[in-house]
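What follows is a structure written as structure tokens; I'll ask about it next.
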Amino acid sequence: MSEISTQPARVRTLEEYHAAYQQSVADPDAFWGAAAEAFTWRRKWDTVRGGQFSPEGQSTWYEGARLNITENCLDRHLEQRANKLAIIFEPNDTKTRHLRLTYRELYTQVCQFANVLKKNGVQKGDRVVLYMPMIPQLALAVLACARIGAVHGVIFAGFSATAIADRINDAEAAFVLTADGLNRGAKQIPVKSVVDEALEQCPSVRRVIVVEHTSWPVQMKPGRDVWYHDEVKDVEKECPAEEMAAEDPLFILYTSGSTGKPKGVVHTQAGYMVWADYTFRNVFQVEENDVYWCTADIGWVTGHTYGLYGPLLAGSTTLLFEGVPTFPSPGRFWEVIDKHNVTIFYTAPTAIRSLMATPLDNVLSYSLSSLRILGSVGEPINEEAWHWYDQHVGKGRCPIVDTWWQTETGGIMISAMAGITPSVPARAGLPLPGVQPVLLNQDGSEIEGNNQEGYLAIKGSWPGIIRTTWGDHERARQTYFQPYPGYYFTGDGARRDENGLYRIIGRVDDVINVSGHRFGTAEIENAINESEFVIESAVVGYPHDVKGQGIYAYVICQNGVPTTDIDIQRAEASIIEAVVAQIGRIAKPDKIQLVSGLPKTRSGKIMRRILRKVAEGETSNLGDVTTLLDPLVVDEIVAGKK
Ligand code: WTA
């Protein structure tokens, strides 16, 4: 144990994995106590684990400890790694020069940003909403919030003004950080004006700090809006880190669930830190000289844990990329890898599939010889994509880690550790130490043995578990902890194969995973129903070659099914516009079918099973439709399938 206490916990062989796993289950307090030793603590914990895990859903980790996560991301590295690169920034536009920040530079710039926040009245515990491009200032802003104990709530800069307003109001945020504009591939988004529109509905916001990025003209509201470059001019280059309690909130990240409104998943200081660090170093088997690139935007949880916190906690070099895989050409990812000698590359299956669909030369013309480990996240990776990734990107010599986890889990739960535990196509693999997955029957009983399928749940707590949903603990309790008392319920279905490796099948609730982004069907339906043409709608997912799942919307219009092309187009345009306005372009339906009715039971419940089958094209096997109020509506839906 004393050996582990000065070194961060790290598994290097299969035997060590099994030993670590056994210990993590047999004596979690000893295991996670040892894993936490290497950090900088202002005060150590009184207890490692606490709370009433389930059905109350109140986990605590490292209660009694006091710390600041940025001291562990920054200050702690200054002695050994001051001149090591912390961040490499690769801009959207290939003609713009990239930027590099050493740990020393990052430290100073985070301190300055933190001082700007303080100067503008941000205090410990305040919620700060960030709606920014994927630029270094976003990383600085996140860390600056954490430095002074403010709770950051990053919103992916693709959500609409209405979606931003909902989140700001839910979080009761008084501060917003944004930029003038954003370039993402060929797209341009005037982020400041989107924020302006949102703020018309947000009385709580007192101050907006704007980072200059594109130099597009923006409106600055006097008394509310300030430019970052003005504010930073005369601030100190040091900012003492606020001492936080282990269970103080670190961030809120909104994510979709089965019900209409996205919920604010809350993670706290100490447990999240230990989990981000442990999972990052172990899954990717990170070494000192790695150049690590996670392509996820910081607006998603993957960007939080594996774009920013995980790598910085480990003292690694992390690459931030502003652009998209296909701009200016579908070789961009590979060009960036060669340019910066990326050694570990972590992306989503949807990106792989979109690149697979382009000529192979786009990848074959790059060397990719620096790569040593590949990762996948966000959705199941199909075998074809796995093999393409392995063969053409990894050249058959890079272990692939297919990492299963969720916004709520804080970090990776089930995954190979690169080169150590088994990596099999279409399997996430074995659980990480500390994670006890189970497969449940509908009645909540555990399914024993291999070659079995069921609802995926997790027994017992782990350091990165969701603590609550912001402002509404009951919602978290009901969603995750009450369905199967004694377990955290994931909402996914899974299969345990003959070797005990887990294969994630997909969501078993009303959540659709589009290009690795989660949307609730109810959330999209609510948006569609805002259109003046619409009476009612039902949304389901269907298999999509590139996105994994596409969004299929069945919609009943005011005056029945429109008959002329022009009326159809008008209705469809209005439906799309409603979704874009309520949620954002990323939730746009892929297919819209205008129908005269929906298949409902006599009690008025929509039979989604039938809608799903039609959307999947499985119309020959719709099952029993005799319990429907109006079975004829099914014939109409089948006949009109898109
Ligand atoms: C899905 C993203 C299969 C799953 C980190 C989960 C996956 C949801 C995988 C969480 C994977 C994530 N294999 N499915 N490797 N990773 N998922 O909250 O359905 O955006 O419940 O977190 O994505 O999505 P979230």
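Indexing begins at 1, ligand by ligand and atom by atom, following the structure's order. The basis for the numbers below is simple: all heavy atoms, side chains too, and nothing from hydrogens, waters or symmetry mates.
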Checklist entry - Cation over ring, K591 on Y542, under 6.0 Å and within 45°? => result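 Output yes; distance and angle both within limits.
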
Checklist entry - At a non-hydrogen distance cut-off of under 4.0 Å, which region of N513 contacts ligand 1 (side chain, backbone, both, or neither)? => result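 Near ligand 1, N513 shows its side chain, while the N, CA, C and O stay back.
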
Checklist entry - Hey, does the side chain of R167 reach the backbone of L253 with a donor-acceptor pair shorter than 3.5 angstrom? => result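 Not at all, since once roles are kept as given, no pair shorter than 3.5 Å links the two residues.
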
Checklist entry - Counting from 1, what ligand 1 atoms have a heavy atom of D402 closer than 4.0 Å? => result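 In order of numbering, the contacting atoms are 11 (C), 13 (N), 15 (N).
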
Item to check | Close N or O approach (R518, ligand 1; < 3.5 Å) | outcome: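 Checking ligand 1 against R518, an N or O pair does fall under 3.5 Å apart.
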
Item to check | For T178 against Y131, the heavy-atom pair lying closest together | outcome: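 Residues T178 and Y131, closest heavy atoms: OG1-O, 2.8 Å.
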
Checklist entry - Given the rule in the ring pair (Phe, Tyr, Trp, His ring centres under 6.0 Å) test, do F280 and Y278 qualify, once you have shown the distances and angles that lead to the verdict? => result CA-CA 6 Å; F280 173 70; Y278 183 87; over 10 Å; no

Next on the checklist: Run W61 and Y272 through ring pair (Phe, Tyr, Trp, His ring centres under 6.0 Å) and show every step you take.
Outcome noted: CA-CA 9 Å; W61 282 85; Y272 175 80; over 10 Å; no

Item to check | Proximal atoms of ligand 1 relative to T407 (non-hydrogen, under 4.0 Å) | outcome: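 What qualifies from ligand 1 is 18 (O), 20 (O), 22 (O), 25 (P).
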
Checklist entry - Does R353 pair with E384 as a salt bridge, N-O distance under 4.0 Å? => result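 No, this pair does not count.
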
Checklist entry - Is there a nitrogen or oxygen of D492 sitting under 3.5 Å from a nitrogen or oxygen of ligand 1? => result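 Checking ligand 1 against D492, an N or O pair does fall under 3.5 Å apart.
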
Checklist entry - Do you know the tightest heavy-atom contact between F284 and G375? => result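 Taking F284 first and G375 second, the nearest heavy atoms are CE2-CA, 4.5 Å.
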
Checklist entry - What do you reckon, does G378 have a nitrogen or oxygen under 3.5 Å from a nitrogen or oxygen of ligand 1? => result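 Min N/O separation from ligand 1 is below 3.5 Å for G378.
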
Next on the checklist: I need the atoms of ligand 1 closer than 4.0 Å to a non-hydrogen atom of T403, numbered in the order shown.
Outcome noted: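 Atoms satisfying the 4.0 Å criterion: 9 (C), 11 (C), 15 (N), 16 (N).
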
Item to check | Nitrogen or oxygen atoms of S376 and ligand 1 under 3.5 Å apart | outcome: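 Checking ligand 1 against S376, no N or O pair falls under 3.5 Å apart.
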
Checklist entry - Mind checking whether T255 has an N or O less than 3.5 Å away from an N or O of ligand 1? => result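 No.
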
Item to check | Those atoms of ligand 1 less than 4.0 Å from some heavy atom in I504 | outcome: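 Taking each heavy atom of I504 in turn, ligand 1 has 3 (C), 14 (N) under 4.0 Å.
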
Checklist entry - So which bit of E379 gets within less than 4.0 Å of ligand 1, heavy atoms only: side chain, backbone, both or neither? => result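 Just the backbone.
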
Next on the checklist: Which of the numbered atoms in ligand 1 are under 4.0 angstrom from any heavy atom belonging to R507?
Outcome noted: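 Counting atoms of ligand 1 from 1, those under 4.0 Å from R507 are 6 (C), 19 (O), 21 (O).
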
Checklist entry - If you measure from each non-hydrogen atom of T302 to ligand 1, which part falls under 4.0 Å: side chain, backbone, both or neither? => result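 Side chain only.
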
Item to check | Nearest-neighbour protein heavy atom for atom 2 (C) of ligand 1, which is reported as residue plus atom name and distance | outcome: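 Heavy-atom neighbour on the protein nearest atom 2 (C) of ligand 1: W405 O, 4.0 Å.
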
Next on the checklist: Salt bridge or not between D290 and R372? Use side-chain N to carboxylate O under 4.0 Å.
Outcome noted: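 The answer is yes: the pair qualifies as a salt bridge.
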
Checklist entry - Going by an N to O cut-off under 4.0 Å, is there a salt bridge joining R518 and E408? => result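 The answer is yes: the pair qualifies as a salt bridge.
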
Checklist entry - Are any of the N or O atoms of E408 closer than 3.5 Å to those of ligand 1? => result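 No, since none of the N or O atoms of E408 sits under 3.5 Å from an N or O of ligand 1.
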
Checklist entry - Looking only at heavy atoms, which two atoms of L439 and A494 are closest? And how far apart? => result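 Smallest interatomic distance, heavy atoms only, reads CD2-O, 3.7 Å.
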
Checklist entry - Who's the nearest protein heavy-atom neighbour of atom 3 (C) of ligand 1, and how far? => result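 Result for atom 3 (C) of ligand 1: P380 N, 3.1 Å.
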
